[in-house]
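Quick notes on the structure that follows.
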Amino acid sequence: MSFLSHLECALCGQVLEADRLWNLCPECGKPLLARYDLEAAGRALTREAIAGRGANLWRYRELLPVRDPRHSLCLGEGWTPLVHAARLGQAVGFDHLYIKDEGLNPTGSFKARGLAVAISRAHELGVRAVSIPSAGNAAGAMSAYAALGGIDAYVFMPRDVPQAFVAECRALGAEVTLVDGLITDCGRVAAEGVREHGRFDVSTLKEPYRLEGKKTMGYELAEQMGWRLPDVIIYPTGGGTGLIGMWKAFEEMEALGWIGGERPRMVTVQSDGCAPMVSAFNQGQEFAEPWQGAKTIAAGLRVPAAVGDFLILRALRESGGTAVAVSDEEIMDAARLIGRTQGNFVCPEGAATLAAFEHLRAQGWIGEEDEVVLFNTGTGLKYTHLWAEAPR
Ligand SMILES: *Cc1c(COP(=O)(O)O)cnc(C)c1O
């Protein structure tokens with residue numbers, strides 16, 4: 001049973017009824033957050049009870065928004081391995097390095113977490129057609145869960161998106177529209193279909209429940225570490241759902257009495273070809289300026305503007321974290337190093353976390369004793385075009 005109680009606007013605090021469909025806050029146009037009766041949940045649920053449950057994110061179902069489990073669409077998402085990267089650690093001269101490998105999720109990325117929960121909840125609230133503008137992985141994940149739920153799926157992707165992303169959506173039964181431009185342009189085209197055909201828009205943070213799926217990375221990390229947290233989390237940030245979601249999970253777990261007040265320092269990594277959050281963080285801004293001429297091999301980081309920008313920046317600052325930009329060349333070097341030391345074919349977004357680690361280590365921002373978790377957010381298998389030539 002879910003302890004979902006209401007929705008709350010992340011900026012203006014407007015409170016809304018949870019059991020009907022919402023996109024952004026009707027008052028101020030910012031993201032809505034799902035709120036739970038954590039006191040009651042803390043009394044009803046123990047960490048020990050969760051330990052015996054299935055190896056997927058629905059093990060945290062009381063803290064997820066789906067009320068009737070018959071609507072929970074499950075392809076085995078979540079409960080991904082947290083690996084001590086010993087050989088990689090040796091190569092970079094640092095022992096406490098861990099990789100949370102999200103590439104093992106259904107559809108090959110952590111987007112499965114967010115969309116499993118968002119599409120399940122949409123199914124519960126009677127949605128018949130869903131729409132998404134996506135740089136790649138989110139579209140595949142939405143298509144998969146929509147297929148499982150018998151919901152029509154409409155995908156809008158940049159025309160230059162790698163072929164594997166298009167193929168995946170088509171194979172999963174979605175209608176794919178290729179748009180000239182970036183994800184922001186796809187958003188504009190998708191919005192027409194939402195207005196004219198009543199499709200439900202599941203864009204990043206434009207409905208409240210993808211965040212709920214992604215927050216399970218925070219619950220899992222704590223559970224896998226024996227209900228404590230690492231010193232540093234490095235996360236490749238596009239729309240920021242994962243980072244904001246984990247930060248929310250830590251707050252919820254403290255309210256549940258499952259962890260104390262300690263928090264990891266949260267690090268955003270972006271590509272220097274599209275680094276709006278790094279720029280806003282460095283300039284001390286509350287909101288980010290849209291990035292002009294976004295260009296990077298890391299498709300998931302090619303996000304020039306994020307509706308949740310203020311939430312990303314808030315989490316970075318409250319945690320004593322930071323934001324780092326790395327080059328595409330550093331990303332490829334890092335991907336090679338992870339591949340040949342750990343046997344893990346990572347996506348460029350995931351590789352960026354190692355490149356950021358190396359920057360922060362060189363600056364002394366990461367200390368000898370820090371325990372560091374890198375998030376590999378997806379498999380490298382959808383990016384084979386980056387490996388056409390033999391590595392140097
Ligand atoms: C979407 C995506 C990201 C960025 O995720 P956000 O939570 O939106 O910041 C990172 N890596 C991969 C592989 C992605 O698909």
Side-chain angles (χ1 to χ4, degrees), residues 31 80 99-115 117-118 132-144 157-158 161-162 164-165 168-169 182-184 186-187 202-207 210-218 233-249 266-271 274-278 288 294 296-309 311-313 315-316 323 326 331 334-335 344-356 374-383 386:
T80 57
I99 298 177
K100 178 79 170 146
D101 192 9
E102 293 292 301
L104 290 164
N105 274 302
T107 70
S109 90
F110 71 156
K111 290 291 194 305
R113 293 181 186 264
L115 284 144
V117 173
I132 197 166
S134 165
N137 277 318
M142 183 195 79
S143 303
M157 288 196 278
V161 78
F165 293 105
E168 180 181 36
C169 296
L182 296 174
I183 185 166
T184 32
C186 296
V202 294
S203 301
T204 304
L205 286 170
K206 290 191 183 169
E207 60 73 52
R210 279 176 66 181
L211 186 73
E212 294 305 291
K214 282 225 187 143
K215 85 178 178 190
T216 59
M217 292 189 292
I233 290 177
I234 309 185
Y235 180 84
T237 307
T241 340
L243 187 124
I244 300 165
M246 281 191 274
W247 195 243
K248 182 173 188 281
M266 306 296 283
V267 179
T268 271
V269 53
Q270 298 195 302
S271 161
C274 182
M277 293 306 140
V278 180
T296 168
I297 56 169
L301 307 187
R302 204 167 59 146
V303 181
V307 267
D309 52 359
L311 296 172
I312 299 171
L313 294 162
L316 296 181
V326 300
I331 289 177
N344 189 349
F345 184 12
V346 299
C347 62
E349 296 86 344
T353 62
L354 176 64
L374 308 179
F375 268 83
N376 175 42
T377 44
T379 171
L381 285 169
K382 296 188 205 176
Y383 304 78
L386 299 178

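Start at 1 and go down the list; that is how both ligands and their atoms are numbered.
Distances between N or O atoms of E349 and those of ligand 1 include no value under 3.5 Å. Where the criterion is an N or O separation shorter than 3.5 Å, residue side chain and backbone included, N137 meets it with respect to ligand 1. Considering both main-chain and side-chain atoms, G240 comes within under 3.5 Å of ligand 1 through a nitrogen or oxygen pair. Inclusion of L301 in the set of residues having an N or O under 3.5 Å from an N or O of ligand 1 is not warranted. When only interatomic distances are considered, the shortest N/O to N/O separation between Y383 and ligand 1 does not fall below 3.5 Å. Checked by distance only, ligand 1 and G300 stay at 3.5 Å or farther apart across all their nitrogen or oxygen atoms. Considering backbone and side-chain atoms together, G238 places an N or O closer than 3.5 Å to an N or O of ligand 1.
Of the protein's non-hydrogen atoms, the one nearest atom 1 (C) of ligand 1 is K111 NZ, 1.3 Å.
Interatomic distance, OG1 of T377 versus CE of M217, reported as 8.5 Å (0.5 Å rounding).
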Could you go step by step and tell me if V326 and I331 meet the side chain to side chain contact (heavy atoms under 4.5 Å, CB included) rule?
CA-CA 7 Å; V326 300; I331 289 177; 3.8 Å; yes

Audit row: I244, L205, side chain to side chain contact (heavy atoms under 4.5 Å, CB included) steps and yes/no
CA-CA 10 Å; I244 300 165; L205 286 170; 3.8 Å; yes

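For T216 and R113, the side-chain atoms include at least one donor-acceptor pair closer than 3.5 Å.
Shown in contact with T241 at under 4.0 Å from a heavy atom are these atoms of ligand 1, numbered in order with element: 6 (P), 7 (O), 8 (O), 9 (O). Close contacts between ligand 1 and T237 involve ligand atoms 9 (O) [criterion: under 4.0 Å to a heavy atom]. Residue C347 approaches ligand 1 through these ligand atoms, each under 4.0 Å from one of its heavy atoms: 13 (C).
In this structure, A138 does not count as a contact residue of ligand 1, since none of its heavy atoms falls inside 4.0 Å of the ligand. K214 counts as a contact of ligand 1, since one of its heavy atoms falls under 4.0 Å from the ligand.
Atom 11 (N) of ligand 1 has its nearest heavy-atom neighbour, among L205, L211, T377, I183, in T377. Evaluated by nearest non-hydrogen atom to atom 7 (O) of ligand 1, the leading choice among Y235, F165, F375 is Y235.
The aromatic rings of Y235 and F110 sit tilted, their planes meeting at an angle between 30° and 60°.
Between L182 and P304 there is a side-chain heavy-atom pair separated by less than 4.5 Å. Side chains of L316 and L243 form a contact here, defined as non-hydrogen atoms less than 4.5 Å apart. Annotation: side chain of S109 is not in contact with side chain of E349 (no heavy-atom distance under 4.5 Å). Within the 4.5 Å cutoff, the side chain of C274 has no heavy atoms near those of the L301 side chain.
Using a 4.0 Å cut-off between a side-chain N of Lys or Arg and a carboxylate O of Asp or Glu, K111 and E102 do not qualify as a salt bridge.
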